Amino acid sequence: MTLRPIRRALLSVSDKTGLIEFARGLAEQGVTLLSTGGTARALRDAGLAVTDVSAVTGFPEIMDGRVKTLHPKIHGGLLGLRDKPDHADAMRSHGIEGIDLLVSNLYPFESTVESGAGFEEAIENIDIGGPAMIRAAAKNHDWVTVLADTDDYAQVLTEMRSNGGSTTLALRRKLAQIAYARTAAYDAAVSGWLANELANAGDRSPPRRRAFAGRLRQALRYGENPHQEAAFYVAGEKRFGVATAEQLQGRELSYNNINDTDAAYELVAEFDPADRAACAIIKHANPCGVALGTSPVDAYSRALACDPVSAFGGVLAFNRPLDGATAEEISKLFTEVIIAPDADADARRILSARRNLRLLIAGGLPDARSAGLTFRTVAGGFLAQTRDSATVGRGDLKIVTRRQPTESEIDDMLFAFTVAKHVKSNTIVYAKALQTAGIGAGQMSRVDSARIAAIKAREAAEAAGWSEPMTRDSVAASDAFFPFPDGLLAVAAAGATAVIQPGGSIRDDDVIKAADDAGLAMAFTGIRHFRH
């Protein structure tokens, strides 16, 4: 158990959440309080007795507070091994008293950068003394209790009250791990910010070392499968979505729920809510229906029509706040998760009857044009790349066929190509009137993707009692070029009249000729959207 009493504590914090209550709890147990700057003022204002660090070190705070705790009487008090004779002798001969508890939570560098602060302000919010003290205290956790997170104040007081003012080795070791993780995350934030600053200044070389860290948001019951362990961490840039969402109701999110919800919300964020409402229905990280509409309920109904069978048990995302009319329609189908920027009172009331449905309010839409980093693990390392933020507009299209597309075909091509960006490769997306007509995802052959999407469209038409599938007179989007004419002929056989694709194959001329022979219009974008 190895109990160590806390008699002397150093408190130096930027985030003063819970500080006064915690300090009072220490004082009630006879702990001597040392402090610096604003923390000392806050403690005195609350009526607590506190000794300034400068009185301990015999040296004033200098350089606008940059130098105040970097002193042997502070670090010796944190690092000294009290039961080691030469350490004890050094402490006595130099007048160093032991510090049994360190409370430090660092300058707010991350939030400063997030607020859009300039370079110099960000630099001034890089903490030096705090991380140094935290690391020292964590290293010496056999003797010192270290608190780098306000969430842990209560358990330290509880343990002290249970153990006559002492803490156990088990708690000190746990807090040391939290402390090192905090300083590692802090350094990762600083190094990542500097890497971005260099890139913005034109230095595109990848950093020699890449560090990233996350804060636990949720311990998950399991991963993709029940035999896998998993947890959800919030990390990096603030990006509206699952990481920012408030869950209003329903069971706890699973690993697969989180993955699918993220995929759905990133997709609908591609479409400007001021222009049209967008809805995406996702299963296994792939869309089974996407549509734009005059309202959320219109977009939902149109997205559902693409593949109502696969939509069962899916994840829904909207780019506009959820309303009562949409909630009424959604309630007719079993749905796992809904995510939207917000939801009105009617929607919340209607969906509250579906107790197992998870309703997430994200607070905003992610910026689809932001090129932040994404990561994927490989054996022994990880891959890092910027997010696929490329977009294609009318002016980017190169029409390569004799027949020119109509204005409505161009609208549908741009819509379908945007959806294809969010479908696993190889991908073919059919669209008509800003509504997906069929989606073929993740096939080894692009021809198979084209055929599967057409089959799904025929099945949807038969279930709805339509005379023909929606792929008739649709457009088709391919996430990458057609290496042979066979893929293009497959989409023509499904009824597509226009095609959008990146182009760039050595057989582009053969594919263009096949399109001309079939009477299709075809546009090249010069942009590929592989998604593995």
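Here the structure is a predicted model, which is why all the values come from computation and not from measurement.
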What pair of heavy atoms forms the shortest contact from [X] to [Y], and how long is it?
| X | Y | value |
| --- | --- | --- |
| Arg531 | Val423 | CB-O, 3.6 Å |
| Ala136 | Leu79 | O-CD2, 3.6 Å |
| Ala390 | Ile527 | CB-CG2, 4.0 Å |
| Asp260 | Ala285 | OD1-N, 2.8 Å |
| Leu351 | Ser331 | CD2-OG, 3.8 Å |
| Ile20 | Ala46 | CG2-CB, 3.6 Å |

Quick one: do Lys424 and Asp479 make a salt bridge, cutoff under 4.0 Å?
no
Can you tell me if [atom1] on [X] sees more than 12 non-hydrogen neighbours from other groups inside 6.0 Å?
| X | atom1 | value |
| --- | --- | --- |
| Arg173 | CZ | no |
| Arg7 | CZ | no |
| Arg135 | CZ | no |
| His75 | NE2 | yes |
| Lys139 | NZ | no |

Let me check something: any side-chain donor-acceptor pairs from residues 274-283 under 3.5 Å, sequence neighbours excluded? List them with distances.
{"residue": "Lys283", "atom": "NZ", "partner": "Ser310", "partner atom": "O", "Å": "2.9"}
{"residue": "Lys283", "atom": "NZ", "partner": "Phe312", "partner atom": "O", "Å": "3.0"}

Full working for side-chain contact (heavy atoms from CB on, under 4.5 Å) between Arg8 and Leu34:
CA-CA 8 Å; Arg8 199 161 175 258; Leu34 314 179; 3.6 Å; yes
Is any side-chain heavy atom of [X] less than 4.5 Å from a side-chain heavy atom of [Y]?
| X | Y | result |
| --- | --- | --- |
| Arg369 | Thr391 | yes |
| Leu322 | Leu359 | yes |
| Ile439 | Pro287 | yes |
| Phe318 | Ile330 | yes |
| Leu157 | Glu21 | no |
| Asp100 | Arg82 | yes |
| Asp149 | Arg215 | yes |
| Val290 | Glu270 | no |

Under the ring-ring contact (aromatic ring centres under 6.0 Å, His included) definition, can you give me all pairs with a residue in residues 85-112, not counting sequence neighbours?
Phe109-Trp193
Under the rule for side-chain contact (heavy atoms from CB on, under 4.5 Å), what residues qualify as partners of Gln247, not counting sequence neighbours?
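Once residues adjacent in sequence are excluded, the partners of Gln247 under the side-chain contact (heavy atoms from CB on, under 4.5 Å) criterion are Leu253, Arg358, Leu360.
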Which residues pass the side-chain contact (heavy atoms from CB on, under 4.5 Å) test with Asn225, sequence neighbours left out?
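Result, side-chain contact (heavy atoms from CB on, under 4.5 Å) vs Asn225: His227, Gln228.
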Mind telling me whether Phe212 and Phe382 have parallel, tilted or perpendicular rings, with 30° and 60° as the class edges?
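Plane angle over 60°, so perpendicular.
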Scan Asp127, Ile128, Leu10 and name whichever one has a side-chain contact (heavy atoms from CB on, under 4.5 Å) with Met133.
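Only match with Met133 under side-chain contact (heavy atoms from CB on, under 4.5 Å): Leu10.
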For the side-chain contact (heavy atoms from CB on, under 4.5 Å) test, which of Leu102, Asp152, Val144 pairs with Leu175?
Asp152
Taking atom types as modelled, find out whether [X] and [Y] have a side-chain donor-acceptor pair closer than 3.5 angstrom.
| X | Y | result |
| --- | --- | --- |
| Ser254 | Asn256 | no |
| Thr145 | Thr167 | yes |
| Thr112 | Glu121 | no |

Under 3.5 Å, side-chain donor or acceptor atoms of residues 262-269 against the rest of the protein: list the pairs with distances, not counting sequence neighbours.
{"residue": "Tyr265", "atom": "OH", "partner": "Gly364", "partner atom": "O", "Å": "2.6"}
{"residue": "Glu266", "atom": "OE1", "partner": "Arg239", "partner atom": "NH2", "Å": "2.9"}
{"residue": "Glu266", "atom": "OE2", "partner": "Arg239", "partner atom": "NE", "Å": "2.8"}

If a pair satisfies salt bridge (Lys or Arg N to Asp or Glu O under 4.0 Å) and one of its residues is in residues 104-115, list it, with sequence neighbours excluded.
Glu110-Arg182
Between Asn257 and Arg251, is the side-chain contact (heavy atoms from CB on, under 4.5 Å) condition met? List the steps.
CA-CA 11 Å; Asn257 290 153; Arg251 295 178 298 178; over 6 Å; no
